[in-house]
Structures are given as structure tokens and as C-alpha cells.
Amino acid sequence: MHAVISLVGPPGAGKSTVGRQLARALQCPFRDLDAEIERQLGTSIRRFFETAGEAAFRDIEQSMLSRLIGEPPAVLATGGGAVLREQNRSDLRNHSIVVYLRSTPEELFRRLRHDVQRPLLQVKDPLQKLRELHEERDPLYQETARFIVETGRPSVATLVNMILMQLELANVIDARHVASRANAKPAPPTA
Ligand code: S3P
């Protein structure tokens, strides 16, 4: 693998969880944009949103993204809003291989209904908010990504294997360099 692999998608899509396992399979470092920002800020993103506002956060997000994307090959989990700025979208497209973890607002709501960390979802009707975010951002994720993986019911291991398969088919990675297939259990039957 010769480039950074970036994961984009909405909050709750599994970018960090899937990214960590993908990096393990590819035997490369895992980087998390939000975690690096929090480390630089010395405070949580939620708190920074409250004190400095979203625009200040987006400035820091942009400069951290352009820094991480220029580093040696790694798997990079981005934040859900990283695709909002045109500059970020072109950085992601031109300097990394972008995978979009796509989900429905209903599925995201199911996963995030107890979340208290994500500032944008601390509203009266988080499902409605997730629908608005989807409407606004789905086209941005799509125009930025080279690969799209529908999340939903599959386990993390299954998702990782789906991504590995797409990357292999497109010759982005060499099958011989994959440490091992993630141990995929079949998804539970749906009623
Ligand atoms: C945001 C998503 C968050 C974080 C910040 C803003 C967004 O990341 O970057 O709270 O605009 O959707 P996750 O996608 O990891 O929740």
C-alpha cells in the first residue's frame, strides 16, 4: 500500500472502529483525525465547539487533515464533517484513497441514540438532524470517495473484508500484504 486510506462518512458509520481493524489487517498505522485534534487542543471537541464555535473547529480540522494526509501510508478515520470544505475534499481525493462508509439516518440513530459526545446531535430531535446531515452530505461523501461500502447490519469484520476486497480488486493493495482476513462471523439473521 502506497498511500493513506481515508474513511469518510457520517457520525456513527464506524469510521474509527472499522479503520482500526483495517489498519491491523494492512499492518500499517491507524490515525484518527478527531483524536489528533483533541490531542492538539487539549480538550474535547464537544467542549471546543461550546467555547470557540464550529467555524474555529473547522479551521483546525482543515489544517490537521492536510497534515495527516501528507504523512506516510496509514488508515485515517476522518470526522463526519471533514468533507464540508472544498479544500478538504480535494485534499482527500488527490492525496488519499477515500472509502465512504455509507449508512441510513435511521441506522445511525439506532447506534447513536445514547451519544452525548457529538455536539451536532445534542438537539431535541437527533433523528431529524441525522436526516438533514444525510441530505446535505451524502453527495459530498459520494463525490469525494473512490469506493463506497454500505454499512448497516454487517459486523465490523465483514465490513473490513468488504473494503479489503474492493481495494484488492482495484489493485490499491496487494493481497499478499494483508495480514489476515478479519475473522468474519455471519451477520445474525434478520426477521
Ligand atoms: C462532526 C463529526 C464528529 C466531529 C465533530 C463534527 C460532524 O466526528 O468531527 O463533532 O460535523 O459531523 P465523528 O464523525 O467521528 O462523530
Side-chain angles (χ1 to χ4, degrees), residues 5-23 30-38 44-50 53-54 57-58 61-62 64-65 68 75-85 88-89 92-93 96-167 182 184-191:
I5 294 176
S6 304
L7 302 182
V8 302
K15 300 180 294 289
S16 302
T17 314
V18 170
R20 202 167 282 117
Q21 291 210 22
L22 183 62
F30 169 70
R31 312 298 295 275
D32 189 307
L33 180 60
D34 284 344
E36 298 290 337
I37 292 171
E38 290 191 328
S44 70
I45 288 173
R46 179 174 183 182
R47 181 127 185 78
F48 188 76
F49 254 68
E50 280 163 14
E54 181 170 347
F57 170 77
R58 297 296 172 201
E61 182 178 52
Q62 182 175 340
M64 185 61 83
L65 177 65
L68 293 180
V75 173
L76 172 66
T78 64
V83 295
L84 288 173
R85 291 194 173 176
N88 291 351
R89 296 200 294 281
L92 283 161
R93 248 194 326 258
S96 75
I97 292 147
V98 185
V99 180
Y100 171 20
L101 298 186
R102 191 162 189 268
S103 230
T104 62
E106 290 72 21
E107 179 66 24
L108 296 171
F109 178 67
R110 197 179 64 77
R111 295 187 206 147
L112 294 177
R113 62 194 185 281
H114 303 303
D115 181 87
V116 292
Q117 289 308 323
R118 292 173 167 90
L120 294 179
L121 299 182
Q122 308 313 307
V123 292
K124 226 163 101 199
D125 189 348
L127 176 56
Q128 178 57 25
K129 182 71 189 179
L130 285 164
R131 288 183 174 135
E132 287 164 18
L133 290 176
H134 180 81
E135 187 90 349
E136 179 194 9
R137 295 174 177 181
D138 183 56
L140 302 178
Y141 295 130
Q142 300 226 29
E143 70 158 75
T144 311
R146 178 157 160 205
F147 302 98
I148 299 178
V149 173
E150 299 284 343
T151 68
R153 293 289 166 170
S155 67
V156 171
T158 304
L159 287 173
V160 170
N161 285 337
M162 284 160 69
I163 296 171
L164 288 171
M165 217 149 56
Q166 291 207 32
L167 296 176
K185 289 197 219 93
T190 46

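None of these values were measured; they are calculated from a predicted model. Hydrogens, waters and symmetry mates are skipped; everything else that's a heavy atom, side chains included, is used.
- For F147, the ring-ring contact (aromatic ring centres under 6.0 Å, His included) criterion is met by no residue, not counting sequence neighbours.
- Counting all heavy atoms, side chain and backbone alike, V123 lies closest to K129 at CG2-CB, 4.0 Å.
- Among all heavy-atom pairs drawn from G79 and L33, the shortest one is N-CD2, 3.9 Å.
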Listing, residues 105-113 side-chain donor-acceptor contacts under 3.5 Å, not counting sequence neighbours, or none:
residue: E106; atom: OE2; partner: R131; partner atom: NE; Å: 3.1
residue: E106; atom: OE2; partner: R131; partner atom: NH2; Å: 3.0
residue: E107; atom: OE2; partner: R110; partner atom: NH2; Å: 2.8
residue: E107; atom: OE2; partner: R111; partner atom: NE; Å: 3.4
residue: E107; atom: OE2; partner: R111; partner atom: NH2; Å: 3.4
residue: R111; atom: NH1; partner: G12; partner atom: O; Å: 2.6
residue: R111; atom: NH2; partner: G152; partner atom: O; Å: 3.3
residue: R113; atom: NH1; partner: R110; partner atom: O; Å: 2.2

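- Side-chain contact between I163 and V160 is absent, with no heavy-atom pair separated by less than 4.5 Å.
- Residues S6 and S96 share a closest heavy-atom pair of OG-OG, 2.8 Å.
- Note that CZ of R58 and CG of N88 are 9.0 Å apart. Values are rounded to the nearest 0.5 Å.
- Looking at heavy atoms from C-beta onward, Q122 lies in side-chain contact with R46 at the 4.5 angstrom threshold.
- Under the 4.5 Å side-chain criterion, counting only non-hydrogen atoms from C-beta, V8 is not in contact with L140.
- Counting only heavy atoms from C-beta outward, the side chains of Y141 and I148 never approach each other to under 4.5 Å.
- Here E150 pairs with R102 under the salt bridge (Lys or Arg N to Asp or Glu O under 4.0 Å) rule; sequence neighbours left out.
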Please determine whether side-chain contact (heavy atoms from CB on, under 4.5 Å) holds for the pair L65 and L76, giving the CA-CA distance in whole Å, both sets of side-chain angles, and the decisive distance to 0.1 Å.
CA-CA 9 Å; L65 177 65; L76 172 66; 3.9 Å; yes
How far apart are the C-alpha atoms of Y100 and D138, what are their side-chain angles, what is the distance that settles it, and do they pass the side-chain contact (heavy atoms from CB on, under 4.5 Å) test? CA-CA 9 Å; Y100 171 20; D138 183 56; 2.5 Å; yes
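- Interatomic distance, CD of E61 versus CG of D34, reported as 7.0 Å (0.5 Å rounding).
- Contact check for E143 versus V83: no side-chain heavy atoms found under the 4.5 Å cut-off.
- Of all heavy-atom pairs between R137 and P11, the closest is NH1-CD, 4.3 Å.
- With a 4.5 Å cut-off on side-chain heavy atoms, L159 and L101 do not count as touching.
- Taking NZ of K15 as the start and CG of L22 as the end, the distance is 14.5 Å to the nearest 0.5 Å.
- Using a 4.5 Å heavy-atom cutoff, the side chains of L84 and E136 are in contact.
- With rounding to the nearest 0.5 angstrom, the CG atom of L130 is 9.0 Å from the CG atom of D125.
- Note that CZ of R20 and CG of L7 are 11.5 Å apart. Values are rounded to the nearest 0.5 Å.
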Start with the C-alpha gap between T151 and S103, add the side-chain angles, then the distance that decides, and say whether side-chain hydrogen bond (donor to acceptor under 3.5 Å, both in side chains) holds. CA-CA 5 Å; T151 68; S103 230; 2.8 Å; yes
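- Of all heavy-atom pairs between L92 and V98, the closest is O-CG2, 3.4 Å.
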